[in-house]
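Here the structure comes first, spelled out in structure tokens, and everything after it is commentary.
Atoms within a ligand are numbered from 1 in the order they appear, just like the ligands themselves.
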Amino acid sequence: MNLTENLIHKAETYGAHNYHPLPLVLRKGHAAEVVDVDGNRYLDFLSCYSALNFGHQHPVLVKALLDQLEKLAVCSRAFYAEEFGYFSEELAKFTGLEMVLAMNSGAEACETAIKIARKWGYEKKRVAHDQANIICFENNFHGRTVTIVSFSTDPEYRDGFGPFTPGFKIVPFNDPQAVENVIDKNTVGIFIEPIQAEAGILIPDRGYLKKLRNICDRNNILLMVDEIQTGLGRTGSDFCFQHDGIQPDLLILGKSLGGGLLPISAVVGNKSVMEVIRPGQHGSTFGGNPLACAVARAALKVLREEGLSQRALHLGKKVLERLTHVPSSIIREVRGQGLLIGIELKESAGGARKYCEALAKRGVLCKETHQHVIRVAPPLNIPEAALDQGITQIISVLSGT
Ligand SMILES: *Cc1c(COP(=O)(O)O)cnc(C)c1O
């Protein structure tokens, strides 16, 4: 066995099989490029599902991490940490909302938003004890905890993991009337991804979020927007909800908030909602630790100072333009906003995986999302020449040249 085979063998023997990775073993990363243990170079067009909007090992972020590491990494929320106050203020102001609750993973932040919405329902909306419901959407993805998979519609995410948490109503995505039809007096929230990324980059009609905002306002319901994947520049604005000119009541962030270096997630909302959580009612040992806060502050700074949202908008348009003109008999549709792009293949193509494997051989790392979609989501600061080169490879593989 060579080194690659040996390391894959170890991973498959001693690691649980909860992923099905492409058969390569990475050792190093820098900006939009990664290198495997055999020294092969690849362009990273997955960006860790948008945790790497700033690329690998961004020097400003690495420095922020190292500087903080020398001071204080973890101290628990039993004390105030210097970075925590700065981080909370900066994130709140950046989102246009008032208060931040910091956690670690995306799923935890989604769970936190669900808890806040329910508690808000009981305390502020006077919903009857334990009767709150939240409206979710077909094909949603919000993480992997039991409560979150309770309202998944994907058998792969759900089957075998019951019994499930009650209190969720599922309606079709991109259909405002379907939402209105299921609202009742106990509805406390509408929980939505502004673009359903894991489902295959499903983009709703323009103005959809605005319609949901309106429905929420008329019915005294919280609009809970999961921007873990779409936030921080990915779709060509700081947050995807800005394309619709609205504000959510609860904004959920994760992934790139940690600058591609470590996990940190957050729920952000206005005081009138966030104040329902009081000391002792929710928490996390590592949530809001100073190391993560320092990196997140630097991430927000890099996003702003490098103009990455505008860059994603500009480059996304160019990429979409190129991909929609590919002479290929296997492409069904190309969808995208900013640098979150999906190429859906026809069923006759036999699944997206083999094209991702072919692309890896040509030095471009993409991952299939669901069976038939290739996701194109490079770091937002990828050099334009590298981006062009990767897209050329994709076009070449899909047009069989
Ligand atoms: C990745 C993701 C999550 C879950 O985040 P984890 O950090 O993997 O728990 C939730 N929602 C969306 C939209 C995501 O893309």
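- No hydrogens or angles considered: nothing links the side chains of S150 and R158 as a donor-acceptor pair under 3.5 Å.
- A salt bridge links R213 with D217: the distance from a Lys NZ or Arg NE/NH1/NH2 to an Asp or Glu carboxylate oxygen falls below 4.0 Å.
- Less than 4.0 angstrom separates atom 8 (O) of ligand 1 from none of the non-hydrogen atoms of the protein.
- Not a single N or O atom of E108, backbone or side chain, sits closer than 3.5 Å to an N or O atom of ligand 1.
- For ligand 1, the polar-atom distance check against E198 finds no nitrogen or oxygen pair separated by under 3.5 Å.
- Using a 30° and 60° split on the angle between ring planes, F168 and F151 fall in the tilted class, from 30° to 60°.
- Across H370, E198, E368, a single residue satisfies side chain to side chain donor-acceptor pair (under 3.5 Å) together with R375, and that is E198.
- Close approach to D226 involves these atoms of ligand 1, each under 4.0 Å from a residue heavy atom: 10 (C), 11 (N), 12 (C), 13 (C).
- Closest heavy-atom contact between E98 and K271: OE1-N, 2.8 Å.
- For atom 1 (C) of ligand 1, the closest non-hydrogen atom on the protein side is K255 NZ, 1.5 Å.
- Salt-bridge annotation for D67 and K71: absent, with no side-chain N of the basic residue lying under 4.0 Å from a carboxylate O of the acidic one.
- Ligand 1 has at least one atom lying under 4.0 Å from a heavy atom of F141.
- In terms of polar-atom proximity, defined here as any N/O pair under 3.5 Å, A107 does make such a contact with ligand 1.
- At least one N or O atom of G106, backbone or side chain, sits closer than 3.5 Å to an N or O atom of ligand 1.
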